[in-house]
Protein chains: 2
Amino acid sequence: MQLSETVEWGLHACLALAMMPEGARIPARALAEYHGIKPGYFSKAMQKLVAAGIIQSVEGRSGGLAMAKQAEDVSLLQIVMALEDHKTFFRCSEIRQKGPCAAAPEHYRAPCNIARVMHKADAEWRRVLATTSLADLRLSAAAEPIPGVNEATQDWLAETGAVRGL
Amino acid sequence: MQLSETVEWGLHACLALAMMPEGARIPARALAEYHGIKPGYFSKAMQKLVAAGIIQSVEGRSGGLAMAKQAEDVSLLQIVMALEDHKTFFRCSEIRQKGPCAAAPEHYRAPCNIARVMHKADAEWRRVLATTSLADLRLSAAAEPIPGVNEATQDWLAETGAVRGL
DNA sequence: GTCGGGCTACTCGGATATTGGCTGTCCGAGTCTGACTGG
DNA sequence: CCAGTCAGACTCGGACAGCCAATATCCGAGTAGCCCGAC
């Protein structure tokens, strides 16, 4: 039932990309290394985000990843759903229609009360994520910096030369 | 990321048990057959609900399953969490502490903003399920019956003699 | 007729395969950079 | 000195294994009901 760990990766990666200057790009390998993630499987998550139009990839020697949209226009829900293939938590297989006492199918137009509650819970879960954008995260992250991380990041970027396109 | 299908089974089964008269019990096999479920794996879900104290099982020749609590005292969340081992959707592995630019661990007492949002979404999901009880489901199910199902159920119960303990 | 005992059938619970999806690894196609060469 | 060309290296994207948990199946331990026989 748990979300794939690529969800956590994707969210942190998108937040990192959203904090980069306009036009900058960074290779997926460097982005993975920065987060302490093995690059192989991480690239799979990035591929899904590219397919969803959330980030863009530039091929070639100085290629890399960058946001494809403004941070204000990307909700956390979009990222999560892209990585989880737009699935819902609860899946109703309509078992009420399956037993020996089931009625004719035309009597089951409305979803059952169990499915209604479960889908409502799913909707609430999504609502929270839909009403939070990457820009919101960027703002709150800037408001509560971890001491030393920003400086270390700047040094690391300069040292490795991971950022291109500026 | 999806919930196990045992969640759907468990919810429908609990609702069925909650609709039975006080003191009645029904074998897991019959309960599975009534819902058109293969009995083998279904019993695993029932075992978890027994371990959680939501339903009770009676062994022996005329044994079976019955509610262990009043329907008013069982929320959908309790059922789902019992079947899903009380896991949360989002798992934060604190990757912010893992990269080459991470600070000392004592600077990461508060959860990161990403985890906060995700956990808030999880909390909203649970809130919906926690505020709905089996009694609520029983009430709404009685208010909108499917034509013929109740009669067929009574006939089926009488025919198979699945209900014991009355 | 009644009581006791034992047998049988039926139940739950756990041990044991199997499968599907998430995770991990690797290699090839494509492209930009940079140097080299010729004018 | 400058422009064109070419080799090289680095990038993403997809194809191919490994592993864990969800799913499925089966069998054994235990118990309640029922039958039979003795009193």
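What you see is a predicted model; the values in this text were computed from it and never measured. Residue numbers begin at 1 in each chain, while the letters A, B, ... track the order of the sequences.
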All N/O donor-acceptor pairs, side-chain side in residues 15-23 of chain B, below 3.5 Å, sequence neighbours left out:
none

Residue pairs, two or more places apart or on separate chains, that pass side-chain hydrogen bond (donor to acceptor under 3.5 Å, both in side chains) and touch residues 6-20 of chain B: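 Of all non-adjacent pairs touching residues 6-20 of chain B, those that pass side-chain hydrogen bond (donor to acceptor under 3.5 Å, both in side chains) are A:S93-B:E8, B:S4-B:T6.
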Determine which pairs satisfy side-chain hydrogen bond (donor to acceptor under 3.5 Å, both in side chains) with at least one residue from residues 104-118 of chain B, sequence neighbours left out, and list them in order. A:S140-B:N113, A:E144-B:R116
Name the atoms and distances for all side-chain donor-acceptor pairs under 3.5 Å in residues 29-40 of chain A, with sequence neighbours left out.
unit_1: A:Y34; atom_1: OH; unit_2: A:T153; atom_2: OG1; d: 2.8
unit_1: A:H35; atom_1: ND1; unit_2: A:L31; atom_2: O; d: 3.0

Set of residues satisfying side chain to side chain contact (heavy atoms under 4.5 Å, CB included) with respect to B:A135, sequence neighbours excluded: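 By the side chain to side chain contact (heavy atoms under 4.5 Å, CB included) rule, B:A135 matches B:A71, B:E72, B:S133, B:R138.
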Kindly write out the residues that satisfy salt bridge (charged side-chain N to carboxylate O under 4.0 Å, His left out) with [X], not counting sequence neighbours, or none if the list is empty.
X: B:E151; result: none
X: A:R164; result: none
X: B:E124; result: A:R127, B:R127

In residues 73-99 of chain A, which ones come under 4.0 Å of DNA chain C, going by heavy atoms?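 Output list: empty, so none.
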Can you tell me the distance, in whole Å, between the [atom1] atom of [X] and the [atom2] atom of [N]?
X: B:M46; N: C:dT11; atom1: CE; atom2: P; value: 16 Å
X: A:R25; N: C:dT31; atom1: CZ; atom2: P; value: 14 Å
X: A:K48; N: D:dG14; atom1: NZ; atom2: C1'; value: 14 Å
X: A:E5; N: C:dT23; atom1: CD; atom2: C1'; value: 7 Å
X: A:L65; N: D:dC10; atom1: CG; atom2: P; value: 17 Å
X: B:E59; N: C:dG14; atom1: CD; atom2: C1'; value: 12 Å

With the criterion being N/O to N/O and under 3.5 Å, what pairs connect the protein with nucleotides 6-8 of chain D, and how long is each?
none

Residues touching DNA chain D, which here means a heavy atom under 4.0 Å, drawn from residues 26-44 of chain A: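 Only A:P27, A:A28, A:K44 qualify.
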Sequence neighbours left out, cut at 3.5 Å: what donor-acceptor pairs do the side chains of residues 45-66 of chain A make with other protein atoms?
unit_1: A:K48; atom_1: NZ; unit_2: A:L83; atom_2: O; d: 3.3
unit_1: A:Q56; atom_1: NE2; unit_2: A:M67; atom_2: O; d: 2.9

Using 0.5 Å steps for rounding, measure from the CG atom of A:L137 to the CG atom of A:L11. 7.5 Å
For B:K120, does the NZ atom sit with more than 12 other heavy atoms under 6.0 Å from it, leaving out its own atoms?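 12 or below, so no.
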A:Q2 vs B:F89 side-chain heavy atoms within contact, under 4.5 Å: no
Pick the closest DNA chain D nucleotide for A:G60 and for B:S62 by heavy atoms, then say which residue is nearer the 5' end. A:G60
Name the residue closer to the 5' end of DNA chain C, choosing between A:W9 and A:V58 according to the nucleotide with the nearest heavy atom.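 First, find each residue's nearest nucleotide; the 5'-ward one identifies A:W9.
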Please state whether the phosphate of [N], meaning OP1 or OP2, lies under 4.0 angstrom from any side-chain nitrogen or oxygen of [X].
X: A:R164; N: D:dC10; answer: no
X: B:S57; N: C:dG13; answer: yes
X: B:S4; N: D:dT23; answer: yes

Within the 4.0 Å heavy-atom criterion, would you say A:Q47 contacts the bases, only the backbone, or no part of the nucleic acid?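 Touches a base.
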